Amino acid sequence: IFEPTAELLVPSTACPGDPVQVIVSAGSDCSIDCGDGSPPIDSCVATCTYSTLGTFAISAEADDGMCRGTYTRNIEILDDARAAACIFCG
């Protein structure tokens, strides 16, 4: 039995309007869904930008050469009161 080796790399928090880099490591033939209603991006590297607050489920489908898998990670978009603690703010 082969286990997928690709991994979805997403920060856990971000600030509204800041670009968020999403990477599928060890993946090929990828599709990334930012979870915000926009169309999926056919790439293993994508930038997602969120204008509203909340938690979004970013998902990706990828082939690692042996297996095709689906990966999901959540990102929380913080409000101004919590943005000071956001290490991804510019």
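This structure is a prediction, so every number in the text was calculated from the model and none was measured.
Under a hydrophobic-cluster definition in which Ile, Leu, Val, Met, Phe, Trp and Tyr are linked whenever side-chain heavy atoms come within less than 4.5 Å, directly or via other members, Leu9 and Ile32 are assigned to different clusters.
Pro16 pairs in a side chain to side chain contact (heavy atoms under 4.5 Å, CB included) with only one of the listed residues (Thr52, Ile77, Asp79), which is Ile77. Of the options Ile41, Val22, Thr49, a side chain to side chain contact (heavy atoms under 4.5 Å, CB included) to Cys34 is made by Ile41 and by none of the others.
With rounding to the nearest 0.5 Å, the separation of CD1 in Ile23 from SG in Cys30 is 11.0 Å. Between Ile58 atom CD1 and Leu8 atom CG the span is 7.0 Å, to the nearest 0.5 Å. Put simply, OG on Ser38 and CG on Asp33 are 6.5 Å apart, with the number rounded to the nearest 0.5 Å.
In plain terms, the two heavy atoms of Asp42 and Ser31 that are nearest each other are OD1-OG, 3.6 Å. In terms of heavy atoms, Cys44 sits closest to Gly27 at SG-O, 3.5 Å. A pairwise comparison of heavy atoms in Pro19 and Thr47 identifies CB-CG2, 3.5 Å as the closest pair. Shown here for Gly35 and Phe56, the closest heavy-atom pair between the two residues is O-CD2, 3.5 Å. For the pair Asp63 and Arg68, the tightest heavy-atom approach, listed with the atom from each and the gap, is N-NH1, 3.5 Å. Here the closest heavy-atom approach between residue Leu78 and residue Leu53 is recorded as O-CD2, 3.2 Å.
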Q: Check the pair Cys15 / Tyr50 against side chain to side chain contact (heavy atoms under 4.5 Å, CB included), numbers first and verdict last.
A: CA-CA 8 Å; Cys15 299; Tyr50 302 91; over 6 Å; no
Q. Given Glu7 and Val24, is the side chain to side chain contact (heavy atoms under 4.5 Å, CB included) satisfied, shown in steps?
A. CA-CA 5 Å; Glu7 183 179 1; Val24 180; over 6 Å; no
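Contact check for Pro11 versus Ile75: side-chain heavy atoms found under the 4.5 Å cut-off.
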